[in-house]
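I have placed the structure first, in the form of structure tokens, so that the comments after it can refer back to it.
All residue numbers refer to positions in the sequence shown, counting from 1. Atoms within each ligand, like the ligands themselves, are counted from 1 in listed order.
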Amino acid sequence: MTMQRDTWDSKLGFIMAASGSAVGLGNLWKFPYITWENNGGAFVLVYLGAVVILGLPIMMGEIFVGRTAHLSGAPAYKKLGGKGWSKLGYLGAAAGGVILSYYMVIAGWSLYSFWQCLGWSFGGYETPSSDAFGTFLGNGWLQIGLTALFTLMNAAIVLRGVGRGIERATRVMMPILVVIMLYLVITAMFMPGRNEAFAMIFSADFGRMPAVGYLEAVGQAFFSLSLGLGAMVAYGSYMKKSDSITHSAIWVVSVDTLFALLACVAMFTIILSVPELKAQVTAGEVGTVGMLFITLPQLFYTQMPGGVVLAPLFFILVAFAALSSTLSLGEVVASIMIDRRGWHRKKAVMITGGIVFVGSIFAALSLGASDALSSVTFKNVPVLSTIFGTKTGILSLLDHLAANWLLPVGGLGTTLFVGWFLKNDFILRELGIKNSNVIFNLWIWCLRVVAPVAIVALIIAVATGKDFS
Ligand code: PHE
């Protein structure tokens, strides 16, 4: 049941849509806060290393699979590799479902922040008390309501299918988001905490990074670049043969990394510049998990000319950035049922969306509303403690499982598939290159040796090293 596939309007179309998938809460919400938790510099360095030696080659691999098969997910692997390899697609869909279930909750926060900023813009800004965010997290009904709202928005778009809509929307939104981000960073550069922030982000002291930081940095690279679950296979399947995979991938990786670093610089500078905020964050009074939503309003409303207008706009764009990511996740999850079971798109979206939403409810209530869900931990359980480390609460557990285990394992599958299973001649032919060149060789050897060895070594290190739990 292969249909005539749409293709992106232009090479830029792919880059925009793929960057839309990549740039999201991973950059704006997660990267700054886990960088903070891992004490900065060394973590950032490991992250950048992972982006270059794992992220870029695997992204090219996924795009290659999609573009060559002209199919997404499991059917793509099946067409090129046979039934066994299609499992990689199913693993990806499972990972996508897990990620969606908690991602929707955080995405809901952006809607709330937008609403809150509207209030501040019209009624005047008041620095929230240190327990305001905790109270918000602990409000179960509000959390579920916001999650439901975001889930419905996402489903409404996925129902219509990945089409021109996403391409058009991201084409408008991404550049605005970049501009506001740059403006935020420039404004932050006039604040006193800037040097301390730079030192924290850009000078590496490996002694200060907890051992689990290695795993989290690699996991974050996969998460932020939308790798390891087939999202890029899906987007690559709409790509024209004439567009360069290498260029496109380099663009997406660069844009994504830039966003993450900018967000980090802005937020760290604010925290380190505002004494009360610094005291609260350092003392753990305001959880770092809400950093994005706590710190930026401070900057918008107290330092920034025009901040009153830009603050609500910014959070709407955050919501859009999240939406362009959840769209790709939703597509991966729904298309598995469409392809495998032959379900109608509507049925697939409703049913998978419903299942994911049930997961979301657990995640939404694990932020304080339900003591039981908020305090689940496996830190004293053998085996499980290796997987989940010291994470506590359903949302954190799901995030840890998906980003640090499911995605790297999915990525490992892609490296083996493209690096070892597919024949070089076949790849060269598909790429339209006569003889292998330096870039091609570098890419293939990364996929064959460097990336798999790095991922396997990390997994073994985590599984055997007591340090990591
Ligand atoms: N890359 C997205 C982000 O950074 C999240 C995502 C992960 C999207 C995996 C698709 C697939 O927010």
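- Heavy-atom neighbours of F417 CZ from other residues, nucleotides or ligands within 6.0 Å: above the threshold of 12.
- Taking the six-membered ring wherever Trp is involved, the centroid distance between the rings of W251 and F14 does not fall below 6.0 Å.
- The shortest N or O to N or O distance between A22 and ligand 1 is below 3.5 Å.
- Every atom of ligand 1 is numbered from 1 in the order shown, and the set under 4.0 Å from a heavy atom of Y103 is 2 (C), 3 (C), 5 (C), 12 (O).
- Of all atoms in ligand 1, listed by their number and element, those nearer than 4.0 Å to a heavy atom of G24 are 3 (C), 4 (O), 12 (O).
- Put simply, the side chain of W420 does not reach to within 4.5 Å of the side chain of V418, judged on heavy atoms.
- Any N or O atom pair closer than 3.5 Å counts here, and L407 shares no such pair with ligand 1.
- Polar contact with ligand 1: absent for L329 (N/O pair, distance under 3.5 Å).
- Shown in contact with S21 at under 4.0 Å from a heavy atom are these atoms of ligand 1, numbered in order with element: 1 (N), 2 (C), 8 (C), 10 (C).
- Of the N and O atoms on the side chains of S226 and S21, at least one donor lies less than 3.5 Å from an acceptor on the other residue.
- Y103 and S360 form no side-chain donor-acceptor contact under 3.5 Å, judged by distance and modelled atom types alone.
- Close approach of ligand 1 to L25 is summarised as follows: ligand atoms under 4.0 Å from at least one heavy atom of the residue are 12 (O).
- Taking a cut-off of under 4.0 Å to the non-hydrogen atoms of F223, the atoms of ligand 1 that pass are 1 (N), 2 (C), 4 (O), 5 (C), 6 (C), 7 (C).
- Under the 4.0 Å criterion applied to side-chain N and carboxylate O atoms, E430 and R67 are not assigned as salt-bridge partners.
- Applying the side chain to side chain donor-acceptor pair (under 3.5 Å) rule to pairs touching residues 396-413 yields K30-D399, Y102-D399, H400-N404, sequence neighbours excluded.
- The distance from ligand 1 to the heavy atoms of S328 drops below 4.0 Å at these ligand atoms: 10 (C).
- For atom 9 (C) of ligand 1, the closest heavy atom belonging to the protein is S226 CA, 3.5 Å.
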